[in-house]
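I have placed the structure first, in the form of structure tokens, so that the comments after it can refer back to it.
Note that the coordinates shown come from a computational prediction; the quantities given were computed from them, not determined experimentally. Just so you know, ligand 1 is whichever comes first in the structure, and atom 1 is the first atom listed for that ligand.
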Amino acid sequence: MESHSLIIAFTTFLALSLTPWPALAKDPCNFPAVFNFGDSNSDTGGLSAVFGQAPPPNGRSYFPGPAGRYSDGRLIVDFIAESFGLPHLSAYLDALGANFSHGANFATAGSTIRLQNRTLQQSGFSPISLNVQYNEFYDFRRRSQTLRNGLGGIFKQLLPKEESFSRALYTFDIGQNDLTSGYFANMTLHQVKLYVPDVLHQFSEIVKWVHSQGGRFFWIHNTGPVGCLPYVLDREHVPASDYDQYGCATPFNDLAQYFNRGLKQAVVELRKALPDSAITYVDVYSLKYALVSQHKKYGFEYPLRTCCGHGGKYNFNVNLGCGGKKEINGKEVLIGKSCKNPEVYVNWDGVHYTQAANKWIFNQIKDGSYSDPPIPLNKACHKT
Ligand SMILES: *[C@@H]1O[C@H](CO)[C@@H](O)[C@H](O)[C@H]1NC(C)=O
Ligand SMILES: *[C@@H]1O[C@H](CO)[C@@H](O)[C@H](O)[C@H]1NC(C)=O
Ligand SMILES: *[C@@H]1O[C@H](CO)[C@@H](O)[C@H](O)[C@H]1NC(C)=O
């Protein structure tokens, strides 16, 4: 009898030690704030504040008008904030109505990690590259405390507490535009590949700078399968042999995966350089690719065709995109219209994902099953 219960106790012990219970047993982090850096995948109003609002029908499924987002509704970063019980992040560049009490968003659509040499009008890429976003954050961190402590009053309601900077989650979703900017400037994919190490080096430097300002918890998304997006697919005549069975352009996805392998290695190096930090690498690439390749399984009807747009194989026209208007008989007519049912489309406008896609991706990443280390989002302050 005794030996029997010993065996049970021992096997229970074994079973417990084989399950990742230490991570699960840890307390939720109760992040008081989120500071986000990135591109259009997580822009909640930055580009709109300085270069003109994203036009309707952006935002139609949720806000209900344009809300600085390139989507019909919420982005992954919105679902992250909601899951912490925090308000959606105000864009740092938004001078009106912003409330930064629980974080700030430095992302702008079209942002790259590396500094751009050409203007937005010339290249289509944002001048608010990641180093600029860091400068903004640096200034925000100081001035927010000067105002809170010096003036008090309303500033205490609108700006984060000092302690929030070391307890916040710092989220990053950037890199896609570093890959496309070279290609769109007529470089070959091989030439783009050659500068990826420099892009990753600059990324790591900036994470270290954020750490020097008190950041300790980092949540880093890898880059998506850019070869499954109509703005790449529609651009050039990709040879038939370069398409995979789902209609994505393999050379571009290979490039994205090359970048991601480098990013994952950069995260390993960052963990060594910043041993007091918890740094989570999140594989959104696999999820975005699964949405295209197994769209039916996940409740989507259209993997590549855009919901909002007009013309061509993908309902996408680079010269007249979502929200685009044309003058017809002296009247402005909306040409880049939304479909009726965005919830069955993966792609919103040829470049960005629908709210339904973003929500599905968020639901997959929040429990940590696509993360390295595999800890849930709300426990991403714990090192493993
Ligand atoms: C910008 O120009 C500099 C100097 O020519 C070059 O080293 C750098 O790679 C360029 N950056 C980009 C993003 O093309
Ligand atoms: C800012 O947001 C916080 C959190 O939602 C809220 O408690 C506070 O009242 C807001 N302040 C103003 C001035 O809107
Ligand atoms: C790329 O090539 C096209 C076609 O030759 C040309 O029109 C365009 O100006 C080039 N772009 C850049 C950035 O050099």
If you measure from each heavy atom of Asp178 to ligand 1, is any distance below 4.0 Å? no
So, for atom 7 (O) of ligand 2, does the protein have a heavy atom nearer than 4.0 Å? no
Taking atom types as modelled, find out whether Tyr289 and Asp244 have a side-chain donor-acceptor pair closer than 3.5 angstrom. yes
Under 30°, 30 to 60°, or over 60°: which ring-plane class applies to Phe37 and Phe106, parallel, tilted or perpendicular? parallel
Answer yes if the side chains of Ser111 and Gln133 hold a donor-acceptor pair under 3.5 Å, and no otherwise. yes
Please find out if less than 6.0 Å separates the ring center of Phe137 from that of Tyr170. yes
Hey, which atoms in ligand 2 end up nearer than 4.0 Å to a heavy atom of Ile154? 13 (C)
Could you tell me the residue and atom name of the protein heavy atom closest to atom 14 (O) of ligand 1, and the distance to it rounded to 0.1 Å? Asn117 ND2, 3.7 Å
Against heavy atoms of His102, which atoms of ligand 2 measure under 4.0 Å? 4 (C)
Closest protein heavy atom (residue, atom, distance) for atom 10 (C) of ligand 2: Asn99 ND2, 2.5 Å
Just need the protein heavy atom nearest to atom 3 (C) of ligand 2, so name the residue and atom and give the distance. Ser101 OG, 3.4 Å
Do Arg114 and Tyr195 meet the cation-pi criteria used here (NZ or CZ under 6.0 Å from the six-membered ring centre, within 45° of the axis)? yes
How does Leu115 reach ligand 1, if at all, at less than 4.0 Å between non-hydrogen atoms: by side chain, backbone, both, or neither? backbone
closest protein heavy atom to atom 13 (C) of ligand 3 is Arg118 NH1, 3.5 Å
Ligand 3 atoms in contact with Asn186 (distance to a heavy atom under 4.0 Å): 1 (C), 2 (O), 3 (C), 8 (C), 10 (C), 11 (N), 12 (C), 14 (O)
Thinking salt bridges, do Glu162 and Arg141 make one under a 4.0 Å N-O criterion? yes
Starting from atom 9 (O) of ligand 1, find the nearest protein heavy-atom neighbour and note its residue, name and distance. Arg114 NH1, 3.7 Å
Note the single closest protein heavy atom to atom 5 (O) of ligand 2, along with its residue, its atom name and the distance in Å. Pro87 CG, 3.7 Å
Assess, by modelled atom type and distance only, whether the side chains of His211 and Asp276 contain a donor and an acceptor separated by less than 3.5 Å. yes
How about Ser42 and Asp173: does a side-chain donor come under 3.5 Å of a side-chain acceptor? no
